[in-house]
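Proteins get letters first, then strands, A, B, ... in listed order; numbering begins at 1 in each.
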2 protein chains.
Amino acid sequence: MTASRTARERVRAELTKEIADIARRQLATEGAGGLSLRAVAREMGMVSSAIYRYFPSRDDLLTALIIDGYNAIGECVERADAATDRGDHLGRWLAVCHAVRDWALANPHEYALLYGSPVPGYQAPMDTVEAAIRDTVVFGRILSDANEAGALDPPGIAPAPPPSLAEDAALVRSLMPGISDLGVFRAINAWTGLFGWVSFELFGQFNNTLDNRRTAFEHCMLNNAALMGLGIPEAAR
Amino acid sequence: MTASRTARERVRAELTKEIADIARRQLATEGAGGLSLRAVAREMGMVSSAIYRYFPSRDDLLTALIIDGYNAIGECVERADAATDRGDHLGRWLAVCHAVRDWALANPHEYALLYGSPVPGYQAPMDTVEAAIRDTVVFGRILSDANEAGALDPPGIAPAPPPSLAEDAALVRSLMPGISDLGVFRAINAWTGLFGWVSFELFGQFNNTLDNRRTAFEHCMLNNAALMGLGIPEAAR
DNA sequence: AGTCGTCAAGAGCGGTGCTCTCGTTTATTC
DNA sequence: GAATAAACGAGAGCACCGCTCTTGACGACT
């Protein structure tokens, strides 16, 4: 019967989820390198080999955690964007920035897993990219919206990209329709700048300098907004 | 005799260096997580416990590698800067950017060790910070030089930083004397942007987008230069 | 010449990922 | 309802890891 089959599959799904949850908790406290299948099994009251019925290897468990992580930060960014007035493009950009940073500070090990050094010997499968770009999609939509509303003023201290970059720009443009080549690369610069900042802060590169980090971060992201041509509030000029 | 004592200490120093070299080679092929004292010992024809005569723990070996790494990239950046005309501030900035990126591409695992996720359970000792800022020192000097030469035009689409950031700016200013608060944060933004870009490229975040990476990188770093007020060559305007 | 510190070697501890086998339970098929 | 097949937990075992402790040999200094 389907009912009984789903009974078995239901407990399987539940156990799979429980393993992932415990693994995520371990990840949060120990980091990616400290993720131990045996420890997970111990906490579940199972024997270590039984875990392999649910995840064929440690890397597969890692992949599951990575996908979950991308979805978590992606959803977080989506919510932050949705909570901001749709016409306030600068506000949406700042909301996204803070969402990324806040999530990273709240889940440092997961952030490190997603945006830090790749786990040695681990090759992220293609399944991850779909989840991986959820936040980037939001970012692109903000820019497209701003562009459509004519709010992307291009006074442009930014230099024009060389023509040889047109192909690359076209590819990225699928995430931000309507944006010019110049705008695309300003966007890439701002996006990498955002994650560069967060990584620096999280990975201890700002060692003892920079106390007032949230304010400094927001200011720098305003800088990046200015570079992209997203309007600056008059008060800050 | 001092001669015989130094003989002993010389072979000790040699062995220490050989251990570090082998470890670095392993690091380059396996990554930080794959660094194994036993494997190093095996390759040296030693027994694993003998390694502990030279490095009290795996973390201490890691620390040595980290310091070496910071010095390597720092020296690389210093050389790139020194090889550029001292008055060509934009050129020096670009040279530094490419030096960082080229070194990172040539030594991905070492870069990951320095600027990627911190090794779990590993706390970088204070000895590292001195070596860690060698590249940043070069960066600060370029900005100071440009400022002194009056080449830091402040047309400034960049917003002014809030006064509450004055203390933080003052701290960072020790690396770039003479730079204004606004300039300091533009610099931080550009610096984190540089490493954000390199990390994105190296850690696989630019998955299948962006083929023409060197050109795109240089263009983005030109963007950052513009943001800092470092002159843009007329040709690119 | 005798003492003392340094060294390589080995055994061993508790941990890891992963594989294989062995009964048992569950679900499907006849 | 019985037989077959699949899924499952438990356990032993392999090769590896970082690290500790002990032992015996060698070299340096008094």
Using the ring centroid of each side chain, check whether B/Trp197 and B/Phe206 are separated by less than 6.0 Å.
yes
Euclidean distance, atom CZ of residue A/Phe55 to atom C1' of C/dG17 [Å, nearest integer]
16 Å
Measure the CG-NE2 distance between A/Leu65 and A/His109 for me, rounded to the nearest 0.5 Å.
13.0 Å
When the distance from CZ of B/Arg58 to P of C/dT16 is rounded to whole Å, what number comes out?
15 Å
Once you round it to whole Å, what is the distance between P of C/dG17 and CD1 of A/Ile19?
13 Å
Given C/dT16, is OP1 or OP2 found less than 4.0 Å from the side-chain N or O atoms of A/Ser36?
yes
Without decimals, in angstroms, what is the distance between A/Arg8 CZ and C/dT24 C1'?
11 Å
Name the residue closer to the 5' end of DNA chain C, choosing between A/Tyr52 and B/Ser49 according to the nucleotide with the nearest heavy atom.
B/Ser49
Round to a whole Å and report the spacing from CG of B/Asp59 to P of D/dC17.
17 Å
Taking only side-chain N and O atoms of B/Arg42, does any of them lie within less than 4.0 angstrom of OP1 or OP2 on D/dC17?
yes
OP1, OP2 of C/dA8 versus side-chain N and O of B/Tyr54: anything below 4.0 Å?
yes
Donor-acceptor pair between B/Thr63 and B/Asp60 side chains, under 3.5 angstrom:
no
N-O pairing of A/Arg173 and A/Asp181 below 4.0 Å:
yes
Side chain of B/Arg38: nearest nucleotide among C/dT16, D/dG18, C/dT19?
D/dG18
Heavy atoms under 4.0 Å, any strand shown: does A/Ser57 hit a base, just sugar-phosphate, or nothing?
sugar-phosphate
